[in-house]
There are 2 protein chains.
Amino acid sequence: MKQKITLKHIAKELDVSISTVSKALKNSEEISRDTKEKIQAFAKLYNYKPNNIAISLKNKRTKNIGVIIPDIVHHFFTTVIRGVEKFANSKGYNVIVCLSDESFDKEVINMEMLANGSIDGFIMSLSSGTQEKNDYNHLKEVTEQGIPLVLFDRITNQVECDKVVIDDKMGAYLATKKLIDQGRRHIALITTKNYLSVSKARAEGYLKALADNGLPVNEDIILKMPSMNIADEDLLKSFFQESKVDAVLCVNEIFAISAMRIAKQLGVTIPEDVCFIGFTDGLLSKYANPSLTAIAQHGERMGEISAQMLIEKIESENEEESYKTEILEPTLIERDSTIN
Amino acid sequence: MKQKITLKHIAKELDVSISTVSKALKNSEEISRDTKEKIQAFAKLYNYKPNNIAISLKNKRTKNIGVIIPDIVHHFFTTVIRGVEKFANSKGYNVIVCLSDESFDKEVINMEMLANGSIDGFIMSLSSGTQEKNDYNHLKEVTEQGIPLVLFDRITNQVECDKVVIDDKMGAYLATKKLIDQGRRHIALITTKNYLSVSKARAEGYLKALADNGLPVNEDIILKMPSMNIADEDLLKSFFQESKVDAVLCVNEIFAISAMRIAKQLGVTIPEDVCFIGFTDGLLSKYANPSLTAIAQHGERMGEISAQMLIEKIESENEEESYKTEILEPTLIERDSTIN
DNA sequence: TATTAACACGAAACCGTTTTCGTGAATGGC
DNA sequence: GCCATTCACGAAAACGGTTTCGTGTTAATA
């Protein structure tokens with residue numbers, strides 16, 4: 001096992017001072033050409049690489065960014081991470097990923113772990129626990145310390161920082177409008193409990209589209225699922241048996257896929273009898289049968305933009321506090337679960 | 001913006017030395033009770049937290065582990081990360097995730113970035129580029145420096161280190177055996193080019209099952225897809241038109257789902273006419289129509305074990321080089337794409 | 001020849017901790 | 001009242017770099 005070589009080793013070996021070695025390796029003008037060549041050759045031979053930790057301590061810059069997300073086994077979040085990674089790596093940053101597991105406590109613990117020098121800034125999406133509890137002190141503490149923070153997708157207006165979202169309301173509006181234009185009049189909404197910011201915005205878009213087109217709101221066909229990661233199949237079954245609907249908008253893929261399956265079992269033909277549109281254009285939508293028309297959330301783009309905003313803040317000299325909210329436009333990806 | 005407080009600040013403020021503060025906060029016996037209480041109260045008031053970077057430099061321990069995977073928008077890898085996160089976090093470690101994007105060069109760059117002090121050890125799965133190139137010098141360099149390394153799933157026997165895999169050969173054997181037991185005689189294998197270690201192992205299991213049951217190998221029904229992330233649909237179509245098969249084993253979910261779709265389009269009924277089994281029991285398998293019988297790879301467990309092995313190596317005192325290979329048993333998850 | 005400037009390098013501080021060792025003061029024993 | 005402990009704390013080195021400033025040597029200038 002060969003030990004990592006340090007400046008001190010090189011200095012001792014070549015009988016010069018540590019500062020000379022440091023400067024020589026940076027090609028400083030101060031050092032004579034002979035000495036530089038000698039030192040550089042030696043360093044290369046022994047594959048010298050400066051120690052990141054020491055540099056971080058000196059510069060007070062880690063070149064790490066912390067990403068805290070609720071869940072990683074989730075297509076949307078992984079695409080965001082990919083976007084973050086891509087941009088961050090191109091700027092020489094590493095990405096530390098922490099999972100809050102939808103829990104407020106874990107979110108706090110993770111932030112505290114990273115906030116003590118491990119990272120230069122945060123990119124995060126709020127856990128449902130945090131949104132439910134409505135407590136954002138851990139975020140405020142971090143921003144007060146001057147650590148840049150970018151919130152994406154699941155955000156709050158109670159914290160001042162940069163934000164990146166897609167226009168969820170518009171997405172739901174687009175989808176609902178599409179269904180209305182196809183002549184659908186009894187459009188169901190399958191969503192979660194209301195504390196998630198995105199669910200709320202999507203419901204608003206749905207309601208606005210109905211209102212703009214003179215359609216009544218029927219509370220009986222707005223179905224709220226108890227969990228967000230899995231659909232309650234019994235609930236869906238009784239729903240489709242009892243309610244007469246000709247279209248369904250779901251706030252996520254899982255709900256949409258499950259709903260389609262149950263509907264098919266009950267003899268419904270898709271899209272003729274009932275059309276389906278889901279949020280989050282992931283693998284499931286693409287490979288569903290019939291394939292699912294979906295609102296694309298552009299996760300990778302979101303990740304890239306988040307990383308870009310964060311790194312700009314990190315590397316900007318001035319202290320002026322100005323925060324932007326970037327709003328991405330959702331896209332309707334038409335597939336076989338709607339007509340045309 | 002309140003600056004982070006350091007030992008030095010506390011020391012100056014309370015008019016004691018830095019070492020006294022450090023000891024007091026560690027509840028050292030050396031310091032009098034009065035002084036300790038005073039210092040601890042002050043530290044708590046100003047929410048003092050030691051700087052991780054400084055501690056890392058001092059201890060030569062970062063409490064970070066680096067995970068390098070080929071792709072993150074991939075169910076299996078995300079489950080592994082979740083497992084790693086879970087175990088690592090419970091031991092106070094953070095996880096730095098890097099994506100090699102299936103590229104040898106990126107894998108090398110990522111390793112070098114992290115190997116200079118940023119992490120205490122690596123967990124990784126080889127990129128296809130690396131396996132194709134068959135060059136593992138970057139791994140060897142890292143292990144020679146004494147940095148612990150755990151390889152999972154996509155491994156190589158050319159590097160001495162701890163490894164975690166599932167028994168891919170056994171998985172394929174199990175699946176093929178299952179199909180044979182159901183009376184299937186013309187069992188196709190849909191796989192990738194052979195350089196991926198896992199594909200190779202799975203092909204072996206398939207062949208062994210055929211041989212053990214006296215069935216001939218028909219090269220015409222072993223289909224090799226050009227890409228591993230997406231199925232070539234034209235290839236699949238002509239395959240199902242030309243070959244008469246009564247069962248299909250696929251080395252991943254995407255291939256299986258795509259194959260089922262094409263088959264259905266050609267009038268095949270599943271599972272009566274043709275049975276399907278896929279590798280990687282992910283969301284697609286679960287939500288497919290019909291749902292897909294699959295070989296579960298237990299990604300999360302793999303992640304946990306990898307993290308455990310790595311952290312044991314990191315924290316073990318002795319230098320003795322002994323490496324284990326942990327082999328997990330795959331499980332057949334029966335669903336509607338096979339009979340029973 | 002004396003002064004000065006350029007050159008090439010080293011000493012030391014610094015980043016924020018931990019930890020070893022030393023030391024002055026208070027206490028105890030005789 | 002003297003010596004040896006114990007107590008409570010500080011000084012300083014160390015981790016591995018970067019950077020400012022100082023300095024001895026040489027060469028150019030007056």
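Note on naming: letters A, B, ... go to the chains in the order of the sequence lines (proteins, then strands), and numbering restarts at 1 for each one.
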Between side-chain atoms of residues 108-122 of chain A and protein atoms elsewhere (two or more places apart, or another chain), which donor-acceptor pairs fall under 3.5 Å?
from	atom 1	to	atom 2	distance (Å)
A:Asn110	ND2	A:Leu99	O	3.1
A:Asn110	ND2	A:Lys106	O	3.2
A:Asn116	OD1	B:Lys4	NZ	2.7
A:Asn116	ND2	A:Glu112	O	2.9
A:Ser118	OG	B:Asn52	ND2	2.9
A:Asp120	OD1	A:Thr62	N	2.8
A:Asp120	OD1	A:Thr62	OG1	2.9
A:Asp120	OD2	A:Thr62	N	3.2
A:Asp120	OD2	A:Lys63	N	2.8

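- For DNA chain C, the neighbouring residues in residues 33-53 of chain B, judged by any heavy atom under 4.0 Å, are B:Tyr48, B:Lys49, B:Pro50, B:Asn51.
- For B:Ala54 and B:Ile31, each mapped to the nucleotide of DNA chain D holding its nearest heavy atom, the one lying further toward the 5' end belongs to B:Ile31.
- Protein chain B touches strand DNA chain C; the 5'-most and 3'-most nucleotides with an atom under 4.0 angstrom of its non-hydrogen atoms are C:dC15 to C:dC21.
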Protein proximity profile, nucleotides 22-27 of chain D - base contact B, sugar-phosphate-only contact S, no contact -, cut-off 4.0 Å on heavy atoms: ------
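- Contact check, A:Lys4 against D:dG16: no side-chain N or O comes under 4.0 Å of OP1 or OP2.
- Applying the salt bridge (charged side-chain N to carboxylate O under 4.0 Å, His left out) test to residues at least two apart or on different chains, the pairs with a partner in residues 146-161 of chain B are B:Glu102-B:Arg154.
- Residues passing the ring-ring contact (aromatic ring centres under 6.0 Å, His included) test with B:His138 are B:Phe104, sequence neighbours excluded.
- Considering OG1 of A:Thr156 and NZ of A:Lys163, their distance stands at 6.5 Å, rounded to 0.5 Å.
- Annotation: side-chain contact (heavy atoms from CB on, under 4.5 Å) contacts of B:Glu300 (sequence neighbours excluded): B:Arg82, B:Lys86, B:Glu304.
- Among pairs with a residue in residues 31-61 of chain A, those fulfilling ring pair (Phe, Tyr, Trp, His ring centres under 6.0 Å) read A:Phe42-A:Tyr46, at least two apart in sequence or across chains.
- When the ring-ring contact (aromatic ring centres under 6.0 Å, His included) test is applied to A:Phe77, the partners found at least two apart in sequence or on another chain are A:His74.
- Taking the screw axis at each terminus of the helix from C:dT1-D:dA30 to C:dC30-D:dG1 from five consecutive base pairs, the angle between the two is 70° to within rounding of 10 degrees.
- For B:Glu37, the side-chain contact (heavy atoms from CB on, under 4.5 Å) test picks out B:Arg33, with sequence neighbours left out.
- Counting any heavy atom pair closer than 4.0 Å across all strands shown, A:Lys58 reaches a base atom.
- Residues from residues 16-29 of chain B lying near DNA chain D, meaning a heavy-atom separation below 4.0 Å, are B:Val16, B:Ser17, B:Ser19, B:Thr20, B:Lys23 in numerical order.
- Counting only heavy atoms from C-beta on, A:Leu7 has its side chain closest to D:dG17 among D:dG17, D:dC9, D:dC15.
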